[in-house]
Asks: 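Have a look at this one before I ask anything.
In what follows, chains are A, B, ... by sequence order, proteins preceding strands, each numbered from 1.
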Number of protein chains: 2
Amino acid sequence: MSKSEVVELPVLGPEAVVPCCPPITAGELSVPDAERMAAMFKALSDPVRLRLFSKVASHPGGEACVCDIQDVGVSQPTVSHHLKKLREAGLLTSERRGTWVYYQVAPSVVAAMSAMLDLHPAAART
Amino acid sequence: MSKSEVVELPVLGPEAVVPCCPPITAGELSVPDAERMAAMFKALSDPVRLRLFSKVASHPGGEACVCDIQDVGVSQPTVSHHLKKLREAGLLTSERRGTWVYYQVAPSVVAAMSAMLDLHPAAART
DNA sequence: CACTCGTATCGATGAGTGTCAACATAGACG
DNA sequence: CGTCTATGTTGACACTCATCGATACGAGTG
């Protein structure tokens, strides 16, 4: 997991949601922070999207072709629609290689959630 | 309704949403797990709810009176509606003490998120 | 008991969302 | 070029949701 240490800017739009947010228990969230965090949670608030994200994340290298993950019980346009939403939320990135399109977990997504939730502060400090 | 009993919600069944879920990167989520996790994320996918939750969580003892947190820019019925949703999602619990109603962060909510995200596995395995 | 304050519920409404069928686009291959 | 496969886009529809005003309930207080 050495590559996920990098804090590079992925190919996100101008309104990427992921890089954000103070710990949730540290104090009252500001309105902009709350909106950013809510947008991120909203992207994961659908069971189909969650399963798609999970399938990509659990694939070797955090990368998967659409053809590998599209069996989630909904039609192909719906899969494409959900993948687009995950992309717009900054949780996934996509790349076309030949015939197929591959989706990757955006770098430092889980780490951003970790910071946001301020988990195990004692362990994190030491 | 009883006096101090606030546990009569018909919507919140025996299975609250929070206690759940394998790590998100460990493998493909099962459909029931995805639905549970999505419900939890959905409860936090609204900026107003996120700020309400944050206000409760950042109060001393993880507890706050509604009167202390209801200034989030929406009307009082809307605040009540959002608090109800957070309650139904298992993220908050409520208790009436005299005139005021106090909301607390449900135990092990953050820990559940931690397990779900598979953060700091060494520390989380305690 | 009447009045007031804090909180929950109801009903309505406008905005948003998940889903699909149909169509469009892009690359591979003959 | 034509065609096949893999994804994305569009338009429509049913459904959910966030919000509010009005109202009800519950607990103190005079």
Side-chain angles (χ1 to χ4, degrees), chain A residues 11 13 15 17 31 34-35 37-53 55-56 63-89 92-104, chain B residues 1-12 17 31 34-35 38-53 55-56 63-89 92-104:
Chain A
V11 236
E15 26 105 44
V17 173
V31 174
E35 285 170 353
M37 287 180 56
M40 184 162 128
F41 283 133
K42 184 179 248 176
L44 296 172
S45 69
D46 181 272
V48 172
R49 277 201 295 273
L50 211 43
R51 287 171 64 205
L52 287 171
F53 183 83
K55 284 188 173 216
V56 173
E63 169 178 290
C65 170
V66 176
C67 56
D68 290 329
I69 61 176
Q70 70 185 170
D71 184 21
V72 287
V74 295
S75 69
Q76 177 270 323
T78 304
V79 169
S80 191
H81 170 248
H82 284 308
L83 288 173
K84 182 180 183 182
K85 286 221 156 187
L86 288 168
R87 230 187 316 141
E88 290 171 353
L92 294 180
T93 61
S94 67
E95 182 187 352
R96 166 158 238 145
R97 292 205 289 273
T99 306
W100 295 277
V101 175
Y102 292 83
Y103 279 79
Q104 306 95 20
Chain B
M1 286 219 195
S2 313
K3 6 178 65 176
S4 307
E5 303 279 321
V6 204
V7 235
E8 204 264 330
L9 291 170
V11 210
L12 180 59
V17 173
V31 174
E35 284 170 354
M40 184 163 129
F41 283 133
K42 185 179 239 173
L44 295 172
S45 69
D46 182 271
V48 172
R49 276 201 295 273
L50 211 43
R51 288 170 65 204
L52 287 171
F53 183 83
K55 284 188 173 215
V56 173
E63 169 178 289
C65 170
V66 176
C67 57
D68 290 330
I69 61 175
Q70 71 184 170
D71 184 21
V72 285
V74 295
S75 69
Q76 178 269 322
T78 304
V79 169
S80 191
H81 169 249
H82 283 309
L83 288 173
K84 182 180 182 180
K85 288 222 156 188
L86 288 169
R87 233 173 26 209
E88 290 171 354
L92 294 180
T93 60
S94 67
E95 183 186 350
R96 166 159 238 147
R97 290 206 291 272
T99 305
W100 295 278
V101 175
Y102 293 82
Y103 279 78
Q104 306 95 23

Asks: Under the 3.5 angstrom rule, does the side chain of B:Ser45 hit a backbone N or O of B:Lys42 as a donor-acceptor pair?
Replies: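 Side chain of B:Ser45 to backbone of B:Lys42, a donor-acceptor pair under 3.5 Å: yes, one is there.
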
Asks: Distance check needed: D:dA18 P versus A:Glu35 CD, whole Å only.
Replies: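 Going from A:Glu35 (CD) to D:dA18 (P), I get 14 Å.
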
Asks: First locate atom NE2 of A:His81, then atom CG of A:Leu86, and finally report the distance between them rounded to the nearest 0.5 Å.
Replies: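 Output value for this atom pair is 10.0 Å.
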
Asks: Under 4.0 Å, heavy atoms only, any strand: does A:Val79 hit a base, just the sugar-phosphate, or nothing?
Replies: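 A:Val79: no heavy atom of the nucleic acid under 4.0 Å.
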
Asks: With heavy-atom distances below 4.5 Å as the criterion, would you say the side chains of A:Asp46 and A:Lys85 are in contact?
Replies: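 In short, these two side chains do not touch, never coming nearer than 4.5 Å.
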
Asks: Taking the six-membered ring of A:Tyr103 (Phe, Tyr or Trp), confirm whether the NZ or CZ of A:Arg87 is under 6.0 Å from its centre and within 45° of its axis.
Replies: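 Here A:Arg87 fails the 6.0 Å and 45° test against A:Tyr103.
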
Asks: Does C:dG18 have OP1 or OP2 sitting under 4.0 Å from an N or O in the side chain of A:Lys85?
Replies: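 Looking at the OP1 and OP2 atoms of C:dG18, one of them is under 4.0 Å from a side-chain N or O of A:Lys85.
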
Asks: It should be established whether B:Tyr103 places a side-chain nitrogen or oxygen under 4.0 Å from OP1 or OP2 of nucleotide C:dA8.
Replies: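 Yes, within the criterion.
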
Asks: By nearest atom, which of the nucleotides D:dT7, C:dG18, C:dG16 is closest to the A:Lys42 side chain?
Replies: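 The closest nucleotide is C:dG16.
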
Asks: Check every atom of C:dT7, D:dT7, D:dC20 against the side chain of A:Ser80 and return the nucleotide holding the closest atom.
Replies: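 Of the candidates, D:dT7 comes closest.
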
Asks: Encode nucleotides 21-30 of chain C as B, S and - characters from 5' to 3', where the letter depends on protein heavy atoms closer than 4.0 Å: B to the base, S only to sugar-phosphate, - to neither.
Replies: BB----SS--

Asks: At under 4.0 Å between heavy atoms, what does B:His81 touch on the DNA or RNA strands: base, sugar-phosphate, or nothing?
Replies: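 Base contact - B:His81 has a heavy atom under 4.0 Å of at least one base atom.
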
Asks: Under 4.0 Å, counting only non-hydrogen atoms across every strand here, what does B:Tyr102 touch: a base, just sugar-phosphate, or nothing?
Replies: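 Answer is nothing: B:Tyr102 stays at 4.0 Å or more from every strand.
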
Asks: Kindly say whether B:Ile69 contributes a backbone atom to a donor-acceptor pair with the side chain of B:Arg51 at under 3.5 angstrom?
Replies: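 Such a contact is absent between B:Arg51 side chain and B:Ile69 backbone.
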
Asks: Quick check: does any side chain N or O of B:Arg49 sit under 3.5 Å from a backbone N or O of B:His82, one acting as donor and the other as acceptor?
Replies: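 Between the backbone of B:His82 and the side chain of B:Arg49 there is no qualifying donor-acceptor contact (under 3.5 Å).
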
Asks: What nucleotide, of D:dA18, C:dC20, C:dA8, holds the atom closest to the side chain of B:Arg49?
Replies: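 Of D:dA18, C:dC20, C:dA8, D:dA18 is nearest to the side chain of B:Arg49.
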
Asks: Rounded to the nearest angstrom, tell me the gap between atom NZ in A:Lys84 and atom C1' in C:dT19.
Replies: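 So the NZ-C1' distance, A:Lys84 to C:dT19, works out to 15 Å.
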
Asks: Picking from D:dT19, C:dG18, D:dT7, which would you name as closest to the side chain of B:His82?
Replies: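 Between D:dT19, C:dG18, D:dT7, the one nearest the side chain of B:His82 would be D:dT19.
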
Asks: How close do A:Val101 and A:Ser94 get, heavy atom to heavy atom, and via which atoms?
Replies: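 That closest heavy-atom pairing would be CG1-CB, 4.2 Å.
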
